[in-house]
Amino acid sequence: MPELPEVETVRLGLEPAMVGARIDKVELRRPDIRFPFPPRFRQRLEGRRIVKLGRRAKYLLFHLDSGETLIAHLGMSGSFRIEDATPGAFYHERSKDPKHDHVLFHLDNGRVVTFNDPRRFGFMDLVGKGGLDAHPRLKDLGAEPLAADFDAHLLAKLFQGSRAPLKSALLDQRKIAGLGNIYVCEALFRAGLSPLKQAGVLSDARGRPTRAATAVAEAIRNVLEEAIEAGGSTLRDHRQTNGELGYFQHVFKVYDREGQPCLRERCRGVVARTVQSGRSTFYCAICQH
DNA sequence: AACACCCCCTGTCGGC
DNA sequence: TGCCGACAGGGGGTGT
């Protein structure tokens, strides 16, 4: 379940294996995942060195020495794994079922990096020099929640006058980019705010941040940083690049806890589930208002 | 502009 | 045991 912390965990896992390495060979096991691979995909990658591994929201950015950048999105079920080219080495559970291994990068350092994505909601694209910010998938992305300027003032500006529910507003990647269903639920729980409340409550009439905005800004930053620190969370099958499960799932306070007791100190509430814009929302109606 | 709704695809889980 | 529907981390497109 790749939201920002999981993508960042993947980036950190791939970085030591990939940065500085040359891509000797690319194996494409199918012509498309969510979208077709771009023209001459293999040729544009083979022989290139990876000079830097970046991230924008939930997108991984592999910067190449050709000046082009490989953009990768994990969708719902995408993952990367790193293996030694020596047969058998680091051969963990998932690789026993190669059905959904769609792209393999053979590197000059002897490693093979494999992109696996059962649901194929992920995608890859290549973009030329200077075209990154104009890429259709990146150009409308909003604020990076871990950037230095992400604070209550920014939230107040973004949501002034918004009548959208907080849950939907925080999921809107054009406003804030990188939060997904889990971390929005968790952040609102930490902030003690109901997901049903209008996003405009983060701003006063003059566009200045309310106390709620301060709480939300801090909750978002804290929950993301803690999740990254823990190596990303795991639902069902998400794994880190070394095949290990993330740990953050063990500290979800509301997500996927419908009917279970609220974990806030002294709160007697029970976690409720509702649906907002087609996605499950989990919250405690007693301590989130 | 801002919703709601459906779709993409595969796997898993609970109920019968 | 098997079948069937509901649902899952994301996000794009369409229609109101």
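First the proteins, then the strands, lettered A, B, ... as listed; each starts at 1.
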Expressed as a whole number of angstroms, how long is the span from [X]:[atom1] to [N]:[atom2]?
X       : N       : atom1 : atom2 : result
D117(A) : dG10(C) : CG    : C1'   : 11 Å
K58(A)  : dG11(C) : NZ    : C1'   : 8 Å
L171(A) : dG10(C) : CG    : P     : 7 Å
R163(A) : dC3(B)  : CZ    : C1'   : 11 Å
L170(A) : dG10(C) : CG    : P     : 13 Å
L4(A)   : dG11(C) : CG    : P     : 11 Å
D172(A) : dC3(B)  : CG    : P     : 8 Å
L158(A) : dA1(B)  : CG    : C1'   : 16 Å

- Message: Once hydrogens and angles are ignored, does a donor-acceptor distance under 3.5 Å link the base of dA8(C) to the side chain of R119(A)?
- Response: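 Answer yes: a donor N or O sits under 3.5 Å from an acceptor.
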
- Task: Give the intermediate values and the outcome of salt bridge (charged side-chain N to carboxylate O under 4.0 Å, His left out) for residues R29(A) and E27(A).
- Result: CA-CA 6 Å; R29(A) 300 256 172 103; E27(A) 272 183 74; 3.1 Å; yes

- Message: What's F123(A) touching, base or sugar-phosphate or nothing? Going by heavy atoms closer than 4.0 Å.
- Response: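 Nothing: the residue F123(A), judged by heavy atoms under 4.0 Å, touches no strand.
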
- Message: Using a heavy-atom cut-off of 4.0 Å across all strands, would you classify G278(A) as base, sugar-phosphate, or nothing?
- Response: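 Answer is nothing: G278(A) stays at 4.0 Å or more from every strand.
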
Strictly below 4.0 Å: does [X] bring a side-chain N or O up to OP1 or OP2 of [N]?
X       : N       : result
H73(A)  : dG10(C) : no
R174(A) : dA2(B)  : no
S280(A) : dA8(C)  : yes
Q173(A) : dG10(C) : no

Would you indicate whether the side-chain heavy atoms of [Y] and [X] approach each other to under 4.5 Å?
X       : Y       : value
L107(A) : R22(A)  : no
F37(A)  : P31(A)  : no
L74(A)  : V10(A)  : yes
F105(A) : F62(A)  : no
F252(A) : I182(A) : yes

- Task: Evaluate side-chain hydrogen bond (donor to acceptor under 3.5 Å, both in side chains) for Q288(A) paired with S194(A), printing each intermediate quantity in order.
- Result: CA-CA 5 Å; Q288(A) 290 179 253; S194(A) 166; over 6 Å; no

Just compare [options] and give me whichever is closest to any side-chain atom of [X].
X       : options                   : value
R120(A) : dT10(B), dG12(C), dC7(C)  : dT10(B)
P118(A) : dC3(B), dG11(B), dG12(C)  : dG11(B)
S277(A) : dA4(B), dG11(C), dG10(C)  : dA4(B)
K99(A)  : dC3(B), dG12(C), dG11(B)  : dG11(B)
H100(A) : dG11(B), dG10(C), dG12(C) : dG11(B)

- Rounded to whole angstrom, note down the C1' distance from dA6(C) over to dC6(B).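 16 Å, rounded to whole Å.
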
Review item, side-chain donor-acceptor pairs of residues 129-138 of chain A, under 3.5 Å, at least two apart:
{"residue": "K129(A)", "atom": "NZ", "partner": "S66(A)", "partner atom": "O", "Å": "3.2"}
{"residue": "H135(A)", "atom": "ND1", "partner": "R137(A)", "partner atom": "N", "Å": "3.0"}
{"residue": "H135(A)", "atom": "NE2", "partner": "D125(A)", "partner atom": "OD2", "Å": "2.8"}

- Pairing of DNA chain B as dot-bracket, 5' to 3': ( ) intra-strand, [ ] crossing, | other strand, . unpaired, with Watson-Crick or G-U pairs under 3.5 Å? .|||||||.|||||||

- Task: Check whether the aromatic ring of F121(A) stacks on the base of dG11(C), taking stacking as ring centres less than 5.5 Å apart and planes within 30° of each other.
- Result: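 So no, this residue does not stack on that base, at least one cut-off failing.
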
- Item | Most 5' of A164(A) and R30(A) on DNA chain B, judged by nearest nucleotide |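 First, find each residue's nearest nucleotide; the 5'-ward one identifies A164(A).
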
